[in-house]
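Here the structure comes first, spelled out in structure tokens, and everything after it is commentary.
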Amino acid sequence: MKVPGIHSFDCTPAEAVRLQERLRQRVVTGGDPGTIRRIAGVDASYEKGENVIYAVVVVLSFPDLAIVERVWTRQETDFPYIPGLLTFREGPALVEAFEDVESDPDVVLFDGQGIAHPRALGIASHMGVILDRPTIGVAKKLLTGTAADPAERRGATSPIVRDGVTIGMAVRTKDRVRPVYVSVGHKIGLEAAVGIVLAADRGYRLPEPTRQAHLYANEVRRTGGRSRESLQTTLMQE
DNA sequence: GCGACAG
DNA sequence: ATCTTGTCGC
């Protein structure tokens, strides 16, 4: 994929906050991707004590959700994990991974927040602006705002509210299992985002794109991308 | 000042 | 995110 370099990630935490406040104005919080044929999931994994990050992008067909492409990258990071500044830690590696993606995903799911963020620019929104394509944030925990617990049945929802404004939706993707927190990333509305997350879920807490990305990220970290399953992708990158 | 705090 | 086995419950 062509990823137009919008800005540099080389900055201090204070500069990062200012950049977020500027970029938030470029986020489009409405719309609908239309017919979806390809949906991608993104995730990152780390080497325990070192500053090494493995970032992956997994593209699946939709609505059948069969894996059609998997890309991974290994990169060193300097930026520490700071709540609210996750993109500055994982962004560089993610951009590198996306540059190797050959498919053309209609929407991308991220492991983290979209606009349900202190400055309305979680990793899904930020990357959405960088990639200029529809994105959705699917987080396992809230960063800001509050939400009542959704009914226990799969499909139940409850709005994530902050200052009286709905910034996302707690979504029960599996009966009696903790909900995931969905928020608009870029170029999509909340209703469409929730519908896509549920349509991309196959009975696990996490929707397939994100779940597969998580599994793959751990696989390449533990095997150095040399496992049998990823041999083909590995050879293509070498 | 104190507590909270995506991955 | 990562370090880690079995175990209780649907």
Side-chain angles (χ1 to χ4, degrees), chain A residues 9 13-14 16-17 20 23-24 27 41-58 72-95 97 108-130 135-147 151-154 156 160-163 167-186 193 197 203-207 209-224:
Chain A
F9 279 108
V17 169
Q20 290 183 321
L23 282 179
R24 67 181 295 177
V27 176
V42 177
D43 194 28
S45 173
Y46 300 84
E47 204 68 74
K48 66 171 181 181
E50 309 160 61
N51 309 312
V52 177
I53 177 177
Y54 290 84
V56 312
V57 176
V58 177
W72 66 275
T73 188
R74 178 184 188 284
Q75 196 173 288
E76 286 195 12
T77 63
D78 301 315
F79 210 93
Y81 168 64
I82 299 174
L85 299 181
L86 178 63
T87 313
F88 291 83
R89 180 169 170 74
E90 304 189 342
L94 293 182
V95 168
V108 185
L109 272 52
F110 288 81
D111 208 326
Q113 320 291 341
I115 62 172
H117 175 279
R119 290 167 294 283
L121 197 77
I123 193 165
S125 298
H126 194 152
M127 289 301 297
V129 170
I130 289 177
T135 61
I136 300 172
V138 185
K140 296 182 292 297
K141 296 177 182 175
L142 281 177
L143 173 59
T144 184
T146 58
E152 62 183 34
R153 287 305 190 180
R154 171 192 148 79
I160 299 172
V161 180
R162 184 181 61 192
D163 299 328
I167 56 176
M169 200 73 88
V171 180
R172 188 85 67 187
T173 49
K174 181 177 168 60
D175 291 2
R176 264 164 277 180
V177 168
R178 284 177 298 154
V180 291
Y181 302 92
V182 178
S183 59
V184 168
H186 184 53
V197 167
Y204 290 91
R205 182 185 180 215
L206 299 182
T210 294
R211 194 175 82 85
Q212 291 300 333
H214 187 268
L215 291 172
Y216 189 49
N218 283 316
E219 181 186 316
V220 295
R221 172 170 57 79
R222 295 179 314 222
T223 68

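The sequence lines fix the lettering, A, B, ..., with proteins before strands; numbering per chain opens at 1.
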Give a yes/no answer on whether the side chain of A:His117 brings an N or O atom under 4.0 Å of OP1 or OP2 in B:dC5. no
side-chain N/O A:Arg221 vs C:dA1 OP1/OP2, d < 4.0 Å: no
How is A:Gly84 classified with respect to the nucleic acid when contacts are heavy atoms under 4.0 Å: base, sugar-phosphate, or nothing? base
With side chains defined as the heavy atoms from C-beta onward, is the minimum distance between A:Gln113 and A:Ile167 less than 4.5 Å? no
Check this one for me: any side-chain N or O of A:Lys140 less than 4.0 Å away from OP1 or OP2 of C:dA1? yes
Is any side-chain N or O of A:Asn218 closer than 4.0 Å to OP1 or OP2 of C:dT2? yes
Planes under 30° and centres closer than 5.5 Å, is that true for A:Tyr81 with the base of C:dA1? no
Touch check for A:Ile123, heavy atoms < 4.0 angstrom, all strands: base, sugar-phosphate only, or nothing? base
Presence of A:Ser45 side-chain N/O under 4.0 Å of C:dT2 phosphate oxygens OP1/OP2: yes
Between A:Phe88 and A:His126, how do the two ring planes meet: parallel, tilted or perpendicular, split at 30° and 60°? perpendicular
Both A:Arg176 and A:Ala44 contact DNA chain C. Taking the nearest nucleotide for each, which residue is further toward the 5' end? A:Ala44
Stems involving DNA chain B, each a run of at least 3 consecutive Watson-Crick or G-U pairs under 3.5 Å: none
Looking at every strand, decide which applies to A:Leu94 at a 4.0 Å heavy-atom threshold: base, sugar-phosphate, or nothing. nothing
Which is true for A:His214 with a 4.0 Å heavy-atom rule: it touches a base, it touches only sugar-phosphate, or it touches nothing? sugar-phosphate
